[in-house]
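The structure appears below as structure tokens.
A quick note: this is a predicted structure, and the numbers were derived from the prediction, not measured.
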Amino acid sequence: MNKFKHINRFFMEAAVVCLATLVAHVVLGTQHIASPLLSADLAPVLKHVALFCWLTVGLVALVMIVAFVFAAFNNASRQLVVAISNQSR
């Protein structure tokens, strides 16, 4: 018997897309956006706010990935995923 038969493919694909976005955010964004921003001649408070926002985006993406994977294996958590993925509106 296939133990992965009950996996919700839609949520698993959403997790993969979100993971790819997070990797691009971390790898490409850190090199081309975050590092130059932090090395710019700005007030320290602006640099800290920018870094906080940068890290918050990554954390939210990570939470969404966990929620999508959890929902892929557990049908009862679909409403949780809808709530989490709509948090940016």
Legend entry - Sidechain-backbone polar pair: Ser39 side chain, Ser35 backbone, donor-acceptor under 3.5 Å: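 Flag set: sc Ser39 to bb Ser35 pair under 3.5 Å.
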Inset, instruction - Taking His25 for its side chain and Trp54 for its backbone only, find out whether a donor-acceptor pair lies under 3.5 Å. - result: yes
Note, [X] side chain near [Y] side chain (heavy atom, < 4.5 Å):
| X | Y | result |
| --- | --- | --- |
| Leu42 | Leu37 | yes |
| His48 | Phe52 | no |
| Ile7 | Phe73 | yes |

Approximate separation, where rounding is to 0.5 Å, of [X] [atom1] and [Y] [atom2]:
| X | Y | atom1 | atom2 | value |
| --- | --- | --- | --- | --- |
| Asn8 | Phe68 | CG | CZ | 10.5 Å |
| Leu62 | Leu19 | CG | CG | 9.0 Å |
| Leu38 | Leu46 | CG | CG | 11.5 Å |

Inset, instruction - List the atom of Ala15, the atom of Val69, and the distance in Å for their closest heavy-atom pair. - result: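 Closest approach of Ala15 to Val69, heavy atoms only: CB-CG2, 3.7 Å.
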Legend entry - Closest non-hydrogen atom pair between Leu22 and Ala61, with its separation: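 Heavy atoms only, the tightest pair is CD1-CB, 4.0 Å.
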Legend entry - Cluster check Val60, Val63: I/L/V/M/F/W/Y, side chain < 4.5 angstrom: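 Yes; Val63 is reachable from Val60 via cluster members.
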